[in-house]
Every structure is written in C-alpha cells, then in structure tokens.
Amino acid sequence: MEESKDHLEQRCPRLGGPVSFQYCMSCGDDGLPCFKIFDCWWEYFDVVAYLKKKLSDDAFSRLVNSKPKPKVASLIELIQQVKRSKIKD
C-alpha cells in the first residue's frame, strides 16, 4: 500500500506560508491539484508518478496542460476562498 503524502508540508510560493500536500491536491481549478504542484514537490518525491496513479488520465492531462491565471484574478480568488473558509468556521 502506498503511503499517503497528505501530511507533508512546505512553504507555498503563491500563498507565502506553509501548506500541506493535501491542500495542493485540491486547490486548483475544477477540483484539480494546483498548477504548480509539479514545481513545488518534485524534490520531495516522484510527484508525477504519484499523480498519474491518483488522477484519471483526463484529469492528469488537464493538469499538465493547465495555464496559470493572471496574477490579479488569482489573488481575488484566493481572497474569496479565505473569506468563505472564515464564514464556515
């Protein structure tokens, strides 16, 4: 059985603070992992192989071919996510 990577943490270049791998797996568009997941985690483990096992072929292809949103749009979305999470708490 493969070990879960969800507990791993590191600094997020987009958010500027520590995040878990679990967050990176779910914070992208349409429920996909973050578009920077390959860049951020390749030094820790074989993230490509891990994602190929975890995602469908279509989801993996969409992730590999995804383009980042403009910075301003990305920041607005992050602010909205934080506001929504504060409301839930």
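Side chains included, hydrogens not; waters and symmetry mates left out as well; all remaining heavy atoms used. Computed from a predicted model, the values in this text were never measured in an experiment. Index from 1, following the sequence.
- Criterion: ILVMFWY side-chain heavy atoms under 4.5 Å apart, direct or through other members. Under it, Phe35 and Phe60 are not part of a common hydrophobic cluster.
- Closest non-hydrogen pair, Cys34 versus Arg14, comes out as SG-NH1, 3.4 Å.
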Begin with the C-alpha distance, continue with both residues' side-chain angles, and end with the deciding distance and a verdict on side-chain contact (heavy atoms from CB on, under 4.5 Å) for Cys12 and Lys36. CA-CA 9 Å; Cys12 174; Lys36 290 192 64 63; over 6 Å; no

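- In Asp46, the CG atom is crowded: over 12 heavy atoms of neighbouring residues, nucleotides or ligands sit closer than 6.0 Å.
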Test log, rule side-chain contact (heavy atoms from CB on, under 4.5 Å), inputs Val19 and Cys24: CA-CA 8 Å; Val19 296; Cys24 299; 3.9 Å; yes

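- Note that CD of Gln22 is 9.5 Å distant from CE of Met25, once rounded to the nearest 0.5 Å.
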Between Glu9 and Tyr23, is the side-chain contact (heavy atoms from CB on, under 4.5 Å) condition met? List the steps. CA-CA 9 Å; Glu9 266 193 17; Tyr23 174 80; over 6 Å; no

What do the steps show when you test Val47 against Lys5 for side-chain contact (heavy atoms from CB on, under 4.5 Å), and what is the final call? CA-CA 10 Å; Val47 69; Lys5 309 294 185 194; over 6 Å; no

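- Of the candidates Leu63, Val48, Leu32, Leu63 is the only one forming a side-chain contact (heavy atoms from CB on, under 4.5 Å) with Ile37.
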Step-by-step ring-ring contact (aromatic ring centres under 6.0 Å, His included) determination, Tyr50 to Phe38: CA-CA 11 Å; Tyr50 184 84; Phe38 299 112; over 10 Å; no

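- Under a hydrophobic clustering in which Ile, Leu, Val, Met, Phe, Trp and Tyr are joined whenever their side-chain heavy atoms come within less than 4.5 Å, directly or via other members, Val64 and Leu51 fall into the same cluster.
- From Phe21, atom CZ reaches atom CD of Gln10 across 10.0 Å, with rounding to the nearest 0.5 Å.
- Separation of atoms NZ (Lys52) and OG (Ser61) is listed at 11.0 Å; rounding is to 0.5 Å.
- Gln81 contributes atom CD, which lies 7.0 Å from atom SG of Cys27 (distance to the nearest 0.5 angstrom).
- Here the straight-line distance linking atom CG of Leu8 with atom OH of Tyr44 works out to 9.0 Å at 0.5 Å rounding.
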